[in-house]
Participant: 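Mind having a look at this structure? Questions to follow.
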Protein chains: 2
Amino acid sequence: MPPRRPTQRDIAERAGVSTATVSYVLSGRRGGAKPPPPETRERVLRAVAETGYQLDHAARSLRRQRTDVVALMYPAPSSPWSDRLAEELQVAAAGRGFAVVALPVITGASTAAILRVLKQRYIDGAVLLPDCPLDGAELAALAAQGCSLVVFDDDLEPGGFDVVRQDRASACRAAVERLIGAGHRRVAFLAHADEHGGALADVKMRSYTDGLVAHGIAVDPELVRPVADSRSDAYAAVRDLLRRPEPPTALLSATDRAAVDGIWAARDLGVAVPDQLAVIGIGNIPEGLMISPALTTVGAAALDFSREVARLFERLDASAPLPGVELAATWELITRASG
Amino acid sequence: MPPRRPTQRDIAERAGVSTATVSYVLSGRRGGAKPPPPETRERVLRAVAETGYQLDHAARSLRRQRTDVVALMYPAPSSPWSDRLAEELQVAAAGRGFAVVALPVITGASTAAILRVLKQRYIDGAVLLPDCPLDGAELAALAAQGCSLVVFDDDLEPGGFDVVRQDRASACRAAVERLIGAGHRRVAFLAHADEHGGALADVKMRSYTDGLVAHGIAVDPELVRPVADSRSDAYAAVRDLLRRPEPPTALLSATDRAAVDGIWAARDLGVAVPDQLAVIGIGNIPEGLMISPALTTVGAAALDFSREVARLFERLDASAPLPGVELAATWELITRASG
DNA sequence: CTGAAAGCGCTTACAG
DNA sequence: CTGAAAGCGCTTACAG
């Protein structure tokens with residue numbers, strides 16, 4: 001049987017003071033009035049040390065109507081972007097006494113439990129990376145209940161929450177234009193698999209097809225492969241494409257990882273990149289810089305979320321609700337050597 | 001001003017029932033007695049729908065003395081392993097009404113806030129991946145307070161919590177033995193950088209040095225490079241090593257990623273792997289299967305945490321505290337083509 | 001300077 | 001079948 005956790009009442013008895021005094025000592029807070037004198041303070045702290053007392057988060061949250069916890073929500077699996085944001089958030093949060101919890105959203109698994117974390121006030125605020133499963137109405141409802149939200153989304157209008165614009169569609173389209181502008185007519189596309197579908201997958205696919213069609217190029221279904229989410233599938237698909245009688249001369253990939261695998265496949269077949277096969281990825285992951293030739297890609301230019309993090313804490317610190325604003329974190333075509 | 005969140009009292013008034021009835025309807029729980037009849041039920045549910053009522057997590061947790069939240073703690077950055085465990089945990093949790101929060105521990109940032117999440121009963125239980133910043137005494141204290149814990153660790157004894165053994169030291173040592181057994185005498189080591197130090201970094205380094213010394217081979221400081229945590233540094237370091245007058249004939253890397261970069265560097269210099277340079281990584285990430293030649297590595301054989309996840313929920317479901325047990329998830333030398 | 005007391009929003013034995 | 005009431009462990013205006 002685990003012994004009952006000590007409460008402030010236990011500490012108070014042990015130290016011969018009231019629970020109010022215990023709370024004042026522990027919180028250091030005292031609404032303007034003087035703090036308890038050192039002697040009282042010490043008795044309390046000694047009792048805390050002796051019993052191993054720990055604050056009860058639920059009780060404090062209920063009473064104070066805030067949790068001092070913020071969340072980072074993102075579609076799983078994690079990425080260098082979500083990792084970096086988690087780090088920046090945690091550094092900023094530590095200085096203000098906030099804890100950070102990450103909420104990876106598993107595709108396919110039920111999202112009910114994870115949405116409960118937001119709706120039932122487990123947390124005071126959150127940063128939502130792109131493609132989280134919440135619509136504008138749900139976000140507005142959360143904001144109206146006092147949840148501080150910074151949301152990465154290219155379509156939503158701010159409304160009690162802030163929206164970070166990446167303009168991913170334009171950047172993806174620029175990649176297609178670059179390939180066609182360089183004279184490519186047979187452009188292959190490594191698409192997301194169906195089970196990794198979603199808004200962004202659609203944006204990527206539409207950028208590809210719209211780009212081709214806008215230049216009078218028919219979309220050849222043979223050149224579109226749903227392999228962008230699997231390294232081994234991507235490698236095999238590109239090898240297969242390059243061995244065809246009429247191989248593609250350019251490759252756009254929905255993920256940088258698959259693009260890198262494509263470059264490997266090309267290298268292993270003796271196909272020169274970019275001369276015989278131009279390759280452009282999407283996402284701008286660090287690995288793209290490591291391969292030779294370095295990967296041309298589409299994505300955010302810098303691994304830096306300081307503005308978004310700062311904005312979240314502005315919201316949390318504000319005494320009155322802040323209006324929703326738009327922040328720009330625009331995706332760009334990042335031209336390197338591969339295409 | 002955000003309107004006050006509706007409470008069960010508001011729902012009760014609106015539906016013309018008591019708060020007790022509201023609670024019974026919402027929880028579906030009723031200690032054996034009959035549930036409220038459909039008519040009452042409907043009135044309550046209508047009021048809930050009209051007001052957008054959401055349960056208050058803090059109040060419920062305080063009253064029920066459980067949170068229905070479990071955590072996954074792991075040293076950042078995330079990895080295929082932490083991603084996979086998050087997924088398995090979430091699937092298992094969803095079926096039982098539990099939410100999952102991830103707690104990435106940022107090296108360098110203060111761990112105080114994150115430890116509070118465990119100690120202040122923010123959660124009912126957690127899986128701790130290797131190298132989390134909690135010692136045996138802290139874990140025992142948490143367990144004694146009723147927190148269900150499954151801890152990956154090679155040294156700790158179970159004590160109110162379960163311990164998952166990986167035996168990483170033996171597996172790392174086996175990698176060194178394999179290289180030396182194959183006749184290699186000049187074995188380079190890509191070590192962790194100092195800032196990525198920790199117990200595992202030490203285990204890896206010791207396996208390397210002890211292995212060499214056990215076979216009468218002096219450790220050449222020139223062959224040890226602290227580059228395993230940076231892809232670009234690893235690539236450059238291996239290129240540099242291979243250009244030396246007396247290049248190494250084998251390479252052990254503290255991370256698979258750096259090992260893969262090493263293979264790239266070798267390929268780019270025309271050095272054959274494994275004939276001119278045998279390469280072994282540590283970690284068994286999926287990427288190791290993608291490179292050619294496939295990476296020999298050290299790690300868990302399968303990306304499968306079902307036993308650990310099941311055990312966590314066994315603990316959570318148990319009416320009385322369970323004794324701590326050891327689970328085996330032993331690391332192995334996984335022999336592929338590179339070394 | 002300190003304490004008694006109310007109350008945050010739930011759940012659940014218990015009485016009717 | 002339903003409701004009044006206690007209480008989970010805190011914080012904080014308020015009284016002394």
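The sequence lines fix the lettering, A, B, ..., with proteins before strands; numbering per chain opens at 1.
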Participant: Sequence neighbours left out, what passes side chain to side chain donor-acceptor pair (under 3.5 Å) with B/Thr40? Give chain and number order.
Facilitator: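 Counting only residues at least two positions away or on another chain, B/Thr40 forms no side chain to side chain donor-acceptor pair (under 3.5 Å).
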Participant: Any pair with a residue in residues 58-84 of chain B that passes ring pair (Phe, Tyr, Trp, His ring centres under 6.0 Å), sequence neighbours left out, goes on the list, sorted by first then second residue, please.
Facilitator: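 Residue pairs passing ring pair (Phe, Tyr, Trp, His ring centres under 6.0 Å), neighbours aside: none found.
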Participant: The criterion is side chain to side chain donor-acceptor pair (under 3.5 Å); which residues satisfy it with B/Asp124, sequence neighbours excluded?
Facilitator: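 Expected list: B/Thr67.
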Participant: Under the ring pair (Phe, Tyr, Trp, His ring centres under 6.0 Å) rule, what pairs show up with a residue in residues 5-25 of chain A, not counting sequence neighbours?
Facilitator: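 As it turns out, there is no ring pair (Phe, Tyr, Trp, His ring centres under 6.0 Å) pair with a partner in residues 5-25 of chain A once direct neighbours are skipped.
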Participant: Whole-Å distance between C/dC1 P and A/Arg43 CZ?
Facilitator: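 In whole Å, C/dC1 P lies 15 Å from A/Arg43 CZ.
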Participant: Got a minute to check which stems DNA chain D is part of, using Watson-Crick or G-U wobble pairs under 3.5 Å, three or more consecutive?
Facilitator: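 Paired runs of 3+ in DNA chain D: C:1-3 with D:14-16, C:5-12 with D:5-12, C:14-16 with D:1-3.
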Participant: Which residues pass the side-chain contact (heavy atoms from CB on, under 4.5 Å) test with B/Asp83, sequence neighbours left out?
Facilitator: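 B/Asp83 satisfies side-chain contact (heavy atoms from CB on, under 4.5 Å) with A/Pro77, A/Ser78, B/Ser78 once adjacent residues are dropped.
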Participant: My understanding is that only residues two or more places apart in sequence, or in another chain, count here; which of them pass side chain to side chain donor-acceptor pair (under 3.5 Å) with A/Glu326?
Facilitator: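 For A/Glu326, the residues satisfying side chain to side chain donor-acceptor pair (under 3.5 Å) (neighbours in sequence not counted) are A/Arg165.
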Participant: Filter on ring pair (Phe, Tyr, Trp, His ring centres under 6.0 Å), then keep only pairs touching residues 94-131 of chain B, sequence neighbours left out; what's left?
Facilitator: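 Only A/His57-B/Tyr122, B/Phe98-B/Phe313 qualify under ring pair (Phe, Tyr, Trp, His ring centres under 6.0 Å).
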Participant: Report which part of the nucleic acid A/Thr40 touches: base, sugar-phosphate, or nothing (heavy-atom distance under 4.0 Å, all strands).
Facilitator: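 Counting heavy atoms under 4.0 Å across all strands, the contact made by A/Thr40 is with sugar-phosphate only.
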Participant: Between protein and nucleotides 6-12 of chain C, map the contacts as a letter string: B base, S sugar-phosphate only, - none, heavy atoms under 4.0 Å, written 5' to 3'.
Facilitator: BBBBBBB
Participant: Quick one: are B/Leu55 and B/Gln8 in side-chain contact, heavy atoms under 4.5 Å?
Facilitator: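 Side chain of B/Leu55 against side chain of B/Gln8, heavy atoms only: contact under 4.5 Å found.
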